[in-house]
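A short worksheet on the structure shown next.
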There are 2 protein chains.
Amino acid sequence: MRDLSAPRKVATLREVAEAAGVSIATVSKVVNGRFEGMTASTRERVEAAVRELAYRPNRAGRSLRSARQSRIGMLIVDPSPRFLVDPFITNLVAGISNEVSMRGYGLLLSRIDPEEPESSYIVKGQEADALAVLLSGTAPEREHLLARLAELRHPMVVFQQAMPGGVEDVCTVRQDDVGGARQMARRILERRPSRALCLLPRQRWPAIEARLQGFEEVLAPAGVTLSQLRCDEGDMEGALDALREHLAAGPLPDVIIGTNDRLAVVAVEVLQAMGHKVPEDVGVSGFNAFPFTTPLRPRLATVRSPAYRLGELGARLLIERIEQGAFATRETVVPVELVEGESL
Amino acid sequence: MRDLSAPRKVATLREVAEAAGVSIATVSKVVNGRFEGMTASTRERVEAAVRELAYRPNRAGRSLRSARQSRIGMLIVDPSPRFLVDPFITNLVAGISNEVSMRGYGLLLSRIDPEEPESSYIVKGQEADALAVLLSGTAPEREHLLARLAELRHPMVVFQQAMPGGVEDVCTVRQDDVGGARQMARRILERRPSRALCLLPRQRWPAIEARLQGFEEVLAPAGVTLSQLRCDEGDMEGALDALREHLAAGPLPDVIIGTNDRLAVVAVEVLQAMGHKVPEDVGVSGFNAFPFTTPLRPRLATVRSPAYRLGELGARLLIERIEQGAFATRETVVPVELVEGESL
DNA sequence: ATGAAAGCGCTAACAC
DNA sequence: GTGTTAGCGCTTTCAT
């Protein structure tokens with residue numbers, strides 16, 4: 001029986017060269033598709049040997065020599081170990097993953113602790129050529145973390161937030177949260193509400209703050225009283241209770257604004273359980289709808305998120321940056337789309 | 001302005017050694033925590049230089065030398081680019097990701113095309129020390145793919161399916177789908193149904209087949225007629241239509257068995273829209289419930305999936321395999337838990 | 001207690 | 001057209 005603990009033996013350039021009766025330089029050229037001025041017979045002999053020995057280039061050797069890892073690192077700052085449950089993150093990562101694969105790169109995925117980013121595998125060694133990052137936390141917390149990440153001197157794409165100051169070789173990609181919120185707010189105004197309640201997750205995300213800003217910009221001047229309730233998304237039942245209590249304590253709002261769909265579903269749930277009709281008594285709006293994830297009924301008035309596209313775009317920008325030497329764009333904002341629904 | 005295309009310059013062992021006035025061998029020892037028989041002052045001088053120069057070991061150099069990548073590759077065979085939308089996959093990957101990070105490894109994530117697994121980044125080079133794989137497709141398709149993956153001679157953990165024959169250095173980790181389905185079937189029998197409809201996704205997954213088997217094993221002997229309907233999960237509206245048509249065409253079943261929660265939600269939706277009461281007229285059951293993902297109302301009778309744990313477990317087994325030289329276990333089955341709900 | 005040196009697999013500049 | 005060779009950064013053995 002073969003010793004399983006020994007690293008399996010894989011053919012090297014040298015072995016292929018020997019088998020084909022050529023030098024390793026020639027094999028290297030063949031493997032890398034540089035056939036200029038090479039006999040067809042040499043090429044064929046080498047290709048045969050490559051196939052014969054099932055040769056696959058050793059990435060470590062290649063990377064060491066070329067100082068290129070052909071890997072993108074994705075860092076997600078989220079306090080929850082279940083970070084991937086968030087459909088925005090999930091769609092974003094899917095977009096990045098597919099784009100990166102298509103272009104021959106690998107994707108390293110890691111959630112990181114905002115307190116000690118250096119402890120991350122991706123950050124510790126020089127594992128990736130470039131970084132894609134999604135940050136949560138307050139503005140100063142994010143700024144601080146970005147500054148530390150910038151010390152790695154990797155090109156970076158930062159998702160879902162505006163261009164940070166003081167860091168170079170960075171590019172941002174985000175959806176138009178402010179614009180989407182403004183649009184939704186205008187739609188809400190058609191109900192002529194006098195008070196609105198905005199439901200926010202406890203964890204701070206720049207995109208959520210942007211949405212809040214958009215809602216305020218439109219609703220406040222129209223004389224709508226906008227109150228806020230933060231609840232822990234990580235605990236749906238807890239969120240239900242928190243909202244129930246809040247509603248019991250004061251006058252019923254005319255509309256409840258979920259800053260994401262999950263919170264909007266909670267709102268519909270609580271309202272119906274309390275005997276209020278949606279949308280007759282209270283309107284409900286959501287945000288960030290995704291294919292296959294959005295609840296079926298009542299169809300939520302919400303905003304479609306282009307998270308998957310953001311991922312593709314960010315990955316593309318990053319790889320172009322690596323290969324061309326500079327970012328083509330510094331800031332990308334992708335429009336969002338209002339989705340009508342009977343909840344409003 | 002610095003030339004951004006040039007690979008950023010990071011301190012090397014040699015530079016740290018010069019700065020500390022020692023040899024690179026000594027620096028290497030310090031960096032790797034091998035202090036035996038080393039002067040405190042030497043160690044301190046080196047540590048100071050490491051800090052000063054912000055030294056981080058180059059992974060390529062290290063990997064080349066040690067033939068260890070300290071990376072786990074996760075391969076997911078799923079025809080959909082949105083593969084990460086599936087909450088099972090998402091929870092599984094989260095578990096793997098966190099476990100792997102904790103143990104100082106990196107996670108390479110990639111969806112692969114079952115037709116040409118060799119085209120995957122992870123597979124092409126020797127990127128990872130070991131592979132975690134989740135396969136879809138029919139049994140022969142999966143077997144064929146596994147055989148090709150086995151040629152890479154990587155230790156592998158295969159999730160959600162039974163031990164494949166003919167491959168060595170493999171270990172399986174799965175939830176008890178058959179058992180869960182049997183339990184749910186017994187719960188369903190309490191309704192004394194005469195006909196049941198089983199809703200299946202179009203894409204073949206071994207876990208789904210296992211559930212189907214569990215349901216059949218219990219329902220058929222009890223005289224329940226079990227029919228099947230496959231519908232495309234990738235298109236919720238399409239699934240709604242398909243089920244609506246199916247129900248209109250024949251007698252109403254007493255219970256609809258969703259082989260996952262998404263399909264169960266579709267069933268509830270269609271039934272209610274057709275004016276049938278759930279659970280009075282028709283009972284509905286789901287499968288694979290996850291925290292924060294499961295729909296709120298009506299509370300689904302379903303089965304809780306330990307996907308996150310499966311991920312942690314698989315990652316742990318893989319890393320122990322890498323470090324100890326052999327798998328501690330070959331086959332792990334994690335029990336599932338029935339969740340009561342008013343849908344049944 | 002510390003250092004010198006070999007060599008992991010690969011690419012590319014240059015020699016023939 | 002093809003081969004020789006230096007060297008990327010690191011770990012480890014063996015001298016001293």
Side-chain angles (χ1 to χ4, degrees), chain A residues 6-47 49-50 53-71 104 124-129, chain B residues 6-47 49-50 53-71 104 124-129:
Chain A
R8 76 220 161 280
K9 186 57 190 153
V10 172
T12 69
L13 266 194
R14 168 161 279 102
E15 289 162 342
V16 176
E18 256 161 45
V22 297
S23 76
I24 61 167
T26 302
V27 180
S28 174
K29 281 177 196 146
V30 171
V31 166
N32 291 296
R34 312 188 56 77
F35 305 120
E36 42 250 45
M38 183 179 295
T39 322
S41 89
T42 308
R43 173 175 169 181
E44 274 158 28
R45 236 163 347 120
V46 173
E47 282 171 341
V50 163
L53 300 178
Y55 172 75
R56 287 171 305 132
N58 177 298
R59 168 70 59 184
R62 206 176 240 193
S63 288
L64 183 55
R65 177 61 227 227
S66 64
R68 285 275 160 91
Q69 322 306 130
S70 294
R71 255 173 263 133
K124 266 192 317 218
Q126 296 139 68
E127 310 286 347
D129 298 318
Chain B
R8 74 215 163 284
K9 187 58 189 150
V10 172
T12 68
L13 265 194
R14 168 161 277 100
E15 288 163 341
V16 175
E18 256 162 45
V22 298
S23 75
I24 61 167
T26 303
V27 180
S28 174
K29 281 175 198 148
V30 171
V31 166
N32 292 297
R34 311 187 58 76
F35 305 120
E36 41 249 46
M38 184 177 295
T39 322
S41 89
T42 307
R43 175 176 167 180
E44 274 157 29
R45 242 172 334 129
V46 173
E47 283 172 341
V50 164
L53 299 177
Y55 172 76
R56 288 171 304 132
N58 177 298
R59 170 71 59 185
R62 206 175 240 193
S63 288
L64 183 55
R65 176 61 226 229
S66 63
R68 283 274 160 92
Q69 323 305 130
S70 294
R71 256 174 264 133
K124 266 190 318 216
Q126 296 140 67
E127 310 286 347
D129 298 318

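First the proteins, then the strands, lettered A, B, ... as listed; each starts at 1.
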OP1 or OP2 of dT11(D) under 4.0 Å from side-chain N/O of Arg62(B):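 So the side-chain polar atoms of Arg62(B) do come within 4.0 Å of the phosphate oxygens OP1 or OP2 of dT11(D), strictly under.
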For DNA chain D, the residues among residues 22-40 of chain B that have a non-hydrogen atom under 4.0 Å from it: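 Result for residues 22-40 of chain B: Ile24(B), Ala25(B), Ser28(B), Asn32(B), sorted by number.
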Qualifying residues under side-chain hydrogen bond (donor to acceptor under 3.5 Å, both in side chains), relative to Thr12(B), sequence neighbours excluded: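 Thr12(B): no side-chain hydrogen bond (donor to acceptor under 3.5 Å, both in side chains) contacts found.
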Rounded distance in Å - [atom1] ([X]) to [atom2] ([N]):
| X | N | atom1 | atom2 | value |
| --- | --- | --- | --- | --- |
| Glu18(A) | dG3(D) | CD | P | 13 Å |
| Asn58(B) | dG9(D) | CG | C1' | 5 Å |
| Gln69(B) | dC10(D) | CD | C1' | 13 Å |
| Arg68(B) | dG9(D) | CZ | C1' | 19 Å |
| Leu64(B) | dA6(D) | CG | C1' | 15 Å |
| Arg14(A) | dT5(D) | CZ | P | 11 Å |
| Tyr55(B) | dG9(D) | OH | P | 10 Å |

Contact interval (first through last nucleotide) of DNA chain C with protein chain A, 4.0 Å heavy-atom: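 Nucleotide range in contact with chain A: dG9(C) to dA12(C).
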Helix axis bend for the helix from dA1(C)-dT16(D) to dC16(C)-dG1(D) - C1'-based end axes, five pairs, 10° rounding: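 One end's axis against the other's: 40°.
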Which atom of Val31(A) lies closest to which atom of Arg62(A), heavy atoms considered: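 Smallest interatomic distance, heavy atoms only, reads CG1-NH2, 3.7 Å.
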Where Ala60(B) and Gln69(A) come nearest, the two heavy atoms and their spacing: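 Scanning both residues completely, I find the closest heavy atoms to be CB-NE2, 4.2 Å.
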Close side-chain approach of Gln126(A) and Arg56(B), heavy atoms under 4.5 Å: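 When only atoms from C-beta onward are counted, Arg56(B) and Gln126(A) do touch, with a gap below 4.5 Å.
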Closest-nucleotide ordering on DNA chain C, the 5'-leading residue of Gly61(B) and Thr42(B):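 Nearest-nucleotide comparison on DNA chain C picks Thr42(B).
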Distance-only donor-acceptor pairs under 3.5 Å for side chains of residues 34-43 of chain B, two or more places apart:
{"unit_1": "Arg34(B)", "atom_1": "NH2", "unit_2": "Glu36(B)", "atom_2": "OE2", "d": "3.3"}
{"unit_1": "Arg43(B)", "atom_1": "NE", "unit_2": "Glu47(B)", "atom_2": "OE2", "d": "3.1"}

Arg59(B) and Ser70(B): CA distance, side-chain angles, deciding distance, side chain to side chain donor-acceptor pair (under 3.5 Å) verdict: CA-CA 9 Å; Arg59(B) 170 71 59 185; Ser70(B) 294; 3.3 Å; yes
Could you list the donor-acceptor pairs under 3.5 angstrom formed by side chains in residues 17-30 of chain A, with sequence neighbours left out?
{"unit_1": "Ser23(A)", "atom_1": "OG", "unit_2": "Ala25(A)", "atom_2": "N", "d": "3.4"}
{"unit_1": "Ser23(A)", "atom_1": "OG", "unit_2": "Thr26(A)", "atom_2": "N", "d": "3.4"}
{"unit_1": "Ser23(A)", "atom_1": "OG", "unit_2": "Thr26(A)", "atom_2": "OG1", "d": "3.3"}
{"unit_1": "Ser28(A)", "atom_1": "OG", "unit_2": "Asn32(A)", "atom_2": "ND2", "d": "3.4"}

Sugar-phosphate, base or nothing in reach of Ser63(A), heavy atoms under 4.0 Å: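 Nothing: the residue Ser63(A), judged by heavy atoms under 4.0 Å, touches no strand.
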